[in-house]
Amino acid sequence: MNTLNEMLIKDFHISPETVKLVEEAEAEVKAEFDAIDAMAMYNQAKVLKAYADNQIGEQHFVPTTGYGYNDMGRDAIERVYAQAFGCEDALVRHTIISGTHALSTALFGVLRPGDTLVSAVGRPYDTLNEVIGSEGKTGDGSLADFGVSYREAQMSADGGADFDNIRACIDDTVKAVLIQRSKGYLWRKTLTVAQINEIIDFIHGIREDIICIVDNCYGEFTEAEEPHGDLIVGSLIKNPGGGIAPTGGYIAGKAKYVELASYRLTSVGIGKEAGASLENNRPILQGFFMAPHIVAQALKSARLCASVFHKLGFEVCPLPHEENADIITSIKFGAPELVIAFCQGIQKGAPVDSFVEPQPWEMPGYADPVIMAAGAFVQGASIELSADAPIKPPYIAYVQGALTYESAKVGIMVAITKVLEKKLEK
Ligand SMILES: *Cc1c(COP(=O)(O)O)cnc(C)c1O
């Protein structure tokens, strides 16, 4: 039998130096790992209690068809999500195709012609640009096309919320404020739940009825509580699907706003009452049960990644010992061939499509070519180990996920090997 090191070196072509370096980097973030485990334990207990309180049983796994009236599993899932997230109600559906769709549904659900939407922390996630639309452009059905105006409060220089800027954006026409929790694909820190709640309290201090919508993508279960948004919104192929949900999204929060969003998703008057779950209740329930643990796997992988690339002399965000409130690590490679080598290495270390070598390509909706490494069981699932990078200076790769820490560790070793090979060639 080969030892682990022999296997890593012989079967994965990882250099002994890289194995050693990763072991050292891992030892340096031991305290962070302990904190992540403690958080997973807390969130697991919270989720388990929600399953017990809602008496989840075999009957909730039974598929429904057609209209999906009296779909016990679907309704139980929505109660479980609401309880675990500390919300009045939730809409959790496999028919919400992505995070963007969930956010779009929430925004169109609550906004009306003449209203204004404000983004409290700068430019929102890329895919929301077209949902919001631009002034003067008509006919595409965007918010702008329906007469909803949009304003943006820039963040402060230190990457936090700028309360003066937010204040300046609020007038009588503002119906809703969007707050993005994760850094997404920007070089900024992710907002903590405490920071988001502070923004929400500030906005409600100006006017109580402004609807605070949190883009919660990548944040779920990284802290002990979810933000106190009037609505919190996310994707099931990220954190809360636990790597098991095959597709879907959620919108949770105040019951009256969840209902408005459900009217937009299905139909006014029908809302949450219909929608066949088909075979999806079991994986959505199992995935949410797994999610606290799987998020911990992803958080540890993120820490290891930050620790080892920091050791190698690359700029990383967040730093290995800095507070981390989502599952993404950004690494500045400074050269196109290095960022490409890194993404190709991550792909090589994946369980699916490890034999494929990703290349940069012109993706619809993006200004620069993008390279994406994703060897996932669920297409595009970024709770699984994945990396993407727009090919433009300063050549940043965004890494996230891993269903298991152990597989991420191997993947990161392979990626380092690839990057160091490229560096030597230069
Ligand atoms: C992933 C993500 C979204 C939604 O993206 P989809 O690919 O449509 O699921 C929105 N906001 C943030 C911050 C995200 O990370």
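Both ligands and their constituent atoms are indexed starting at 1 by order of listing.
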Got an N/O contact under 3.5 Å between [X] and ligand 1?
X      : value
Thr127 : no
Gly99  : yes
Tyr125 : no
Tyr218 : no

Query raised in the report: To which protein heavy atom is atom 11 (N) of ligand 1 closest, and what is the distance rounded to 0.1 Å?
Result: Asp215 OD2, 2.5 Å
Lys/Arg-Asp/Glu bridge criterion (N-O < 4.0 Å) met for [X], [Y]:
X      : Y      : answer
Asp89  : Lys254 : no
Glu220 : Arg181 : no
Asp230 : Lys256 : no
Arg79  : Asp75  : no

Numbering as shown, the atoms of ligand 1 that approach [X] to under 4.0 Å (heavy-atom distance):
X      : result
Gln180 : 13 (C)
Lys238 : 1 (C), 2 (C), 3 (C), 4 (C), 5 (O), 14 (C), 15 (O)
Leu103 : 10 (C)
Ser98  : 8 (O), 9 (O)

Query raised in the report: Is there a donor-acceptor contact under 3.5 Å from the side chain of Asp145 to the main chain of Gly139?
Result: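 A pair under 3.5 Å: yes.
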Query raised in the report: Just going by heavy-atom distances, which of Leu186, Thr100, Val233 is nearest to atom 4 (C) of ligand 1?
Result: Thr100
Query - Side chains of Phe221 and Phe85 in contact at under 4.5 Å (non-hydrogen atoms) - result: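 Yes. Closest side-chain heavy atoms under 4.5 Å.
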Query raised in the report: How about His204: does its NE2 atom have over 12 heavy atoms from other parts shown lying under 6.0 Å from it?
Result: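 Yes, enclosed.
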